[in-house]
Structures are given as structure tokens and as C-alpha cells.
A.B. asks: 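Pasting a structure below so you can have a look.
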Amino acid sequence: MHFSDRIQRVEPSATLAISNLAAELEADGADVIDLSVGEPDFPTPENIVDAGQEAMDAGHTGYTSSNGIPELREAIAEKLRGDGLDYEAGNVIVTPGAKQALYEAVQTLVDDGDEVVLLDPAWVSYEAMVKLAGGSLNRVDLAPHDFQLEPALDDLGEAVSDETELLVVNSPSNPTGAVYSDAALEGVRDLAVEHDVTVISDEIYQQITYGAEPTSLGTFDGMAERTVTVNGFSKAYSMTGWRLGYFAGPEELISEAGKLHSHSVSCATNFVQHAGIEALENTDDAIDEMVEAFAERREFLLSRLGEEGVEAPEPDGAFYLMMPVADDDQQWCEDALEEAHVATVPGSAFGAPGYARISYANSKERIGEAVDRLVDADLL
């Protein structure tokens, strides 16, 4: 067979590769503590499950309108208006997961050779999506600034130019947990307006924060017409397997992206969309409980690492921590998995060599045991 150039530009997801290797060890009987996954370890809240079941029982199992059922698009628009974004239902496309929303946005906006700026460390799939669209990458390293954007605005200013087509901003961030300040986002706005750049604002971890209050980028003056806001249900509502996300933006973007959407996935799953309405309207208490648990785990992990002399930037959101490790972070992560049976993700996969991403979407007992194992294996 002959394979396309576009598919050979990308590598498999590093996070899924680690998970697959961990699964192989578990199949051989090993007790692996998996701190690599980007998935809450809580069940989907019962009211959401019930709503999905009721929707199936009511016969909501066929196709829907391509961009999503009207009731969910309106519920999403209402949620976004609560965030200060001036969106109506017609500004929203519902997708099978936020990853599909990002893919469709990139495919709609990026041509061969177009420059896309990423903030490193960046979620692994951004690079792959840009390469699949034929774009070129220009990357800004936030590692010297404890992964915060505000002190790196001069570096971003050097990277963004009239040649830049797209900038991707992810706050709260995967893999760092950083929440960017309003001053940082104002700096993004100034550059986007000056150079006429479109910005994707990936806000999938928006509701998982610890004292920091993230601001939607599209709320800043001059950004409504040039921002694509991406969000979804996987993280805050623990609905990863339900595959439900969305993006919102100017009507002309929705019109163009709708072509790709209709010719690829057709629509998000019908009964899942009905469950999404329930998630938006009646699940605040369950979210608060999950975030409180994540906050306790974050403090516990930082404390345990501190006891071992490991200093890591404190995450403001999401459920990840970037831990400094050996220069060869790939080898360190392989050793951690093989010798300590602890699964992590090498920072180089996100553009941050010398770090490992730790997910604390696990119990404090298992997190503590993971640290003990890494110490016993002389990896901390």
C-alpha cells in the first residue's frame, strides 16, 4: 500500500503509547500505578447516566441535525454567555469529543504552509493536527517561566507575526495545569489584533481549578471575531467515554467548519447530547466534589515530592503536574514503568524535555505508593 504524506508526518499519541505499554505489563500480572492518563477516576454522575438512559428509552437513537440538537446548542450558548461570551445557538457545533472540535477547527483554518504558534509544553495532539493540515509550527517555550505565559509575552511577541495564521492557547493547561493571567491573555489579544491572527482557546479544563479563575479569551475586546472557543464534557463531568464536546465562534467559521463536520462524523451521538443537557444544567455539586478531591491530591503530591527534595511548579488547574526528572525524560519514564511499575508521560512529548507529566487522577493511597516506588527505584 501507498500511505499519504500527511499521515506519515505524525507519530502515534505518546500518552496512549504509555497507556498501552502499561496495559501490557498489567496483562502479564504486574501491579501498575497509572499516573499517565488524562481521565478523571470518578464515575459519570448518576443524574447524567440516568438522562442518557432515559433518552435511549425515549427513542433518541437516530441521527440528529449535524451541528447538534437545538436544545443542547442553546444550553451550551447559555453556558458560554455566562462566561461572558456573546454566543447564540447558531455559533455552536456539537462534536464527538473536544478533540474532534479542535481537529475540525484546525482543518478549517490552516492551509499548507500556514504558520501555527504553540505554547510549550503543549498537548501532544495539537502538533499532529497542525501537521495533518499541512501547517508549520513555531513554538514558544514557557518552561523557563514555571510554565506561565505572562513572563513569556516578549518571547511570544517575537514568535507571532503577520505570517502567523493561528495561535493555540490552552488554559488551564494540559500538561502543566497553568492558568494564564488576564494580563497574559491581554498580551495575546494585543498580538492577535495587531497581526490579524485567529486564536483557538482550548478551555476543556475550565471548571477544574484551585483558587485561580480562568477568563475566556473571547471576552477580551477585539477577540470575539477572531476566537474559536473549544470545550467539552469529558473532564469536568467525567464523561470521557461518552465523547461529547463543542466549539463556538463567528457564524462564518461555523458555516465553513460545518462542511467538514457533516462529511466526517455526521453528528454527535443522539442520546449522549441529551445527557449533555443534564450535565450542563444539574451537575454543579458533583463537579465541586471532584475538584475538591483533585485539590487534596494535588497538595498531597506536592508535599510528598517536596519531602524527596523535588520542586515542581504548582498547578493552578486541571489534574496534572510537570515533575523535573533526568535530561533523558523518555528513558526516565521507561525506567519508571519497567522498574517501579509507575506510568508517567515524558515531557518531551509535549515539547518540555527534562520533565515527566504526572496525572493525579488517582487515589492519594496510590499516589503515595507511586512516590514510594520511585524512591525505592532511585528515580527520585
Side-chain angles (χ1 to χ4, degrees), residues 76-77 79-88 91-92 98 101-102 105-106 108-110 114-123 126 129-130 135 137-142 144-174 176-207 209 212-231 246-254 256-257 316-318:
I76 290 169
K79 183 265 183 203
L80 293 171
R81 289 193 294 271
D83 296 334
L85 296 161
D86 187 19
Y87 289 136
E88 301 294 335
N91 297 106
V92 175
L102 288 161
V106 171
T108 301
L109 294 166
V110 177
D114 282 349
E115 180 184 86
V116 178
V117 174
L118 297 182
L119 304 174
D120 281 339
W123 179 53
Y126 296 145
M129 290 176 186
V130 171
L137 290 163
N138 192 357
R139 312 184 76 129
V140 178
D141 187 10
L142 305 188
H145 309 287
D146 282 345
F147 308 123
Q148 285 295 333
L149 176 57
E150 187 175 344
L153 283 176
D154 287 344
D155 296 333
L156 181 61
E158 293 178 6
V160 174
S161 70
D162 290 345
E163 301 303 312
T164 304
E165 186 67 30
L166 181 66
L167 168 63
V168 181
V169 175
N170 174 211
S171 175
S173 164
N174 174 11
T176 70
V179 175
Y180 302 145
S181 66
D182 282 4
L185 299 181
E186 287 171 357
V188 169
R189 182 272 313 279
D190 293 344
L191 290 167
V193 171
E194 178 184 355
H195 297 290
D196 193 22
V197 174
T198 301
V199 182
I200 289 178
S201 182
D202 181 355
E203 302 178 6
I204 188 66
Y205 294 96
Q206 175 196 38
Q207 292 168 274
T209 58
E213 293 293 334
T215 302
S216 278
L217 189 55
T219 62
F220 289 87
D221 289 343
M223 291 305 292
E225 65 270 24
R226 66 180 72 254
T227 301
V228 184
T229 302
V230 175
N231 211 322
Y246 58 88
F247 62 106
E251 288 184 5
E252 58 267 31
L253 168 80
I254 298 303
E256 293 301 311
D316 304 308

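Heavy-atom basis, side chains included; hydrogens, waters and symmetry copies ignored.
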A.B. asks: Return the minimal non-hydrogen interatomic distance between L102 and I200, and the atom names on each side.
C.D. replies: CD2-CG2, 3.7 Å

A.B. asks: Under 4.5 Å between any side-chain heavy atoms of H195 and V160, yes or no?
C.D. replies: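 Yes, close enough: below the 4.5 Å cut-off.
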
A.B. asks: Please identify each residue that fulfils side chain to side chain donor-acceptor pair (under 3.5 Å) with T176, with sequence neighbours left out.
C.D. replies: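 Side chain to side chain donor-acceptor pair (under 3.5 Å) check on T176 returns S173.
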
A.B. asks: Would D141 and D155 count as a side chain to side chain contact (heavy atoms under 4.5 Å, CB included) here? Give the steps.
C.D. replies: CA-CA 8 Å; D141 187 10; D155 296 333; over 6 Å; no

A.B. asks: Apply side-chain contact (heavy atoms from CB on, under 4.5 Å) to A184 and list each qualifying residue two or more places apart in sequence or on a separate chain.
C.D. replies: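 Once residues adjacent in sequence are excluded, the partners of A184 under the side-chain contact (heavy atoms from CB on, under 4.5 Å) criterion are L149, E150, Y180, S181.
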
A.B. asks: Between N91 (side chain) and E88 (backbone), is there a donor-acceptor pair under 3.5 Å?
C.D. replies: yes

A.B. asks: Does E256 have any side chain to side chain donor-acceptor pair (under 3.5 Å) partners at least two apart in sequence or in another chain, and if so, which?
C.D. replies: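 Checked E256 against side chain to side chain donor-acceptor pair (under 3.5 Å); matches are K259.
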
A.B. asks: Partners of Q207 by side chain to side chain donor-acceptor pair (under 3.5 Å), sequence neighbours excluded?
C.D. replies: none

A.B. asks: Provide the closest heavy-atom pair for V228 versus A105 in the form atom of the first, atom of the second, distance.
C.D. replies: CG1-CB, 4.2 Å

A.B. asks: Could you tell me the separation between the CH2 atom of W123 and the CE atom of M129, rounded to the nearest 0.5 Å?
C.D. replies: 4.0 Å

A.B. asks: Please list all pairs meeting ring pair (Phe, Tyr, Trp, His ring centres under 6.0 Å) that have one or both residues in residues 144-174, counting only residues at least two apart or in different chains.
C.D. replies: F147-Y355

A.B. asks: Can you pull out every salt bridge (charged side-chain N to carboxylate O under 4.0 Å, His left out) where at least one residue sits in residues 179-189? Sequence neighbours excluded, please.
C.D. replies: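 Not a single pair qualifies under salt bridge (charged side-chain N to carboxylate O under 4.0 Å, His left out).
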
A.B. asks: Which residues pass the side chain to side chain donor-acceptor pair (under 3.5 Å) test with N170, not counting sequence neighbours?
C.D. replies: none

A.B. asks: For a side chain to side chain contact (heavy atoms under 4.5 Å, CB included) check, start with the C-alpha distance between T215 and F220, then their side-chain angles and the critical distance, and finish with the verdict.
C.D. replies: CA-CA 9 Å; T215 302; F220 289 87; 3.7 Å; yes

A.B. asks: Checking T229 now: which residues fulfil side-chain contact (heavy atoms from CB on, under 4.5 Å) with it, not counting sequence neighbours?
C.D. replies: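 Scan of T229 (side-chain contact (heavy atoms from CB on, under 4.5 Å), adjacent residues dropped) gives L80, L85, Y87, E203, T227.
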
A.B. asks: Say whether, by atom type as modelled, one donor and one acceptor occur between the side chain of D120 and the main chain of V140 under 3.5 angstrom.
C.D. replies: no

A.B. asks: Starting from the C-alpha separation in whole Å, work towards a yes-or-no answer on side chain to side chain contact (heavy atoms under 4.5 Å, CB included) for V169 and L119.
C.D. replies: CA-CA 7 Å; V169 175; L119 304 174; 4.3 Å; yes

A.B. asks: For the atom pair OH (Y126) and CG (L118), what is the distance rounded to the nearest 0.5 Å?
C.D. replies: 8.5 Å

A.B. asks: Got a sec, which residues hit side-chain contact (heavy atoms from CB on, under 4.5 Å) with E165, two or more places apart in sequence or on another chain?
C.D. replies: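 E165 satisfies side-chain contact (heavy atoms from CB on, under 4.5 Å) with D114 once adjacent residues are dropped.
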
A.B. asks: Of all heavy-atom pairs between T164 and A159, which one has the smallest distance, and what is that distance?
C.D. replies: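 For T164 and A159, the tightest heavy-atom pair comes out as OG1-O, 3.8 Å.
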
A.B. asks: Once rounded to the nearest 0.5 Å, what's the spacing between atom CG of L153 and atom CG of D190?
C.D. replies: 9.0 Å

A.B. asks: Using the salt bridge (charged side-chain N to carboxylate O under 4.0 Å, His left out) criterion, which residues pair with D154? Sequence neighbours excluded.
C.D. replies: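 D154 satisfies salt bridge (charged side-chain N to carboxylate O under 4.0 Å, His left out) with no residue once adjacent residues are dropped.
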
A.B. asks: Ignoring hydrogens, what is the shortest heavy-atom contact between V230 and A98? Give both atom names and the distance.
C.D. replies: CG1-O, 3.9 Å

A.B. asks: With distance as the sole test, does S161 use its side chain to make a donor-acceptor pair with the main-chain N or O of E163 at under 3.5 Å?
C.D. replies: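 Between the backbone of E163 and the side chain of S161 there is a qualifying donor-acceptor contact (under 3.5 Å).
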
A.B. asks: For residues V199 and M223, report the shortest heavy-atom separation together with the two atoms involved.
C.D. replies: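 In this case the closest contact between V199 and M223 is CG2-CE, 3.8 Å.
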
A.B. asks: Indicate the atoms forming the closest heavy-atom contact of G317 with V179, along with that distance.
C.D. replies: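 Shortest heavy-atom separation between G317 and V179 comes out as N-CG2, 4.1 Å.
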
A.B. asks: Side-chain contact, heavy-atom cut-off 4.5 Å: V197 with E115?
C.D. replies: no

A.B. asks: Can you name the residues that form a salt bridge (charged side-chain N to carboxylate O under 4.0 Å, His left out) with D83, not counting sequence neighbours?
C.D. replies: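 For D83 the salt bridge (charged side-chain N to carboxylate O under 4.0 Å, His left out) partners, ignoring immediate neighbours, are K79.
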
A.B. asks: Sequence neighbours left out, what passes side-chain contact (heavy atoms from CB on, under 4.5 Å) with P250? Give chain and number order.
C.D. replies: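 With neighbours one apart ignored, the set is E252, L253.
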
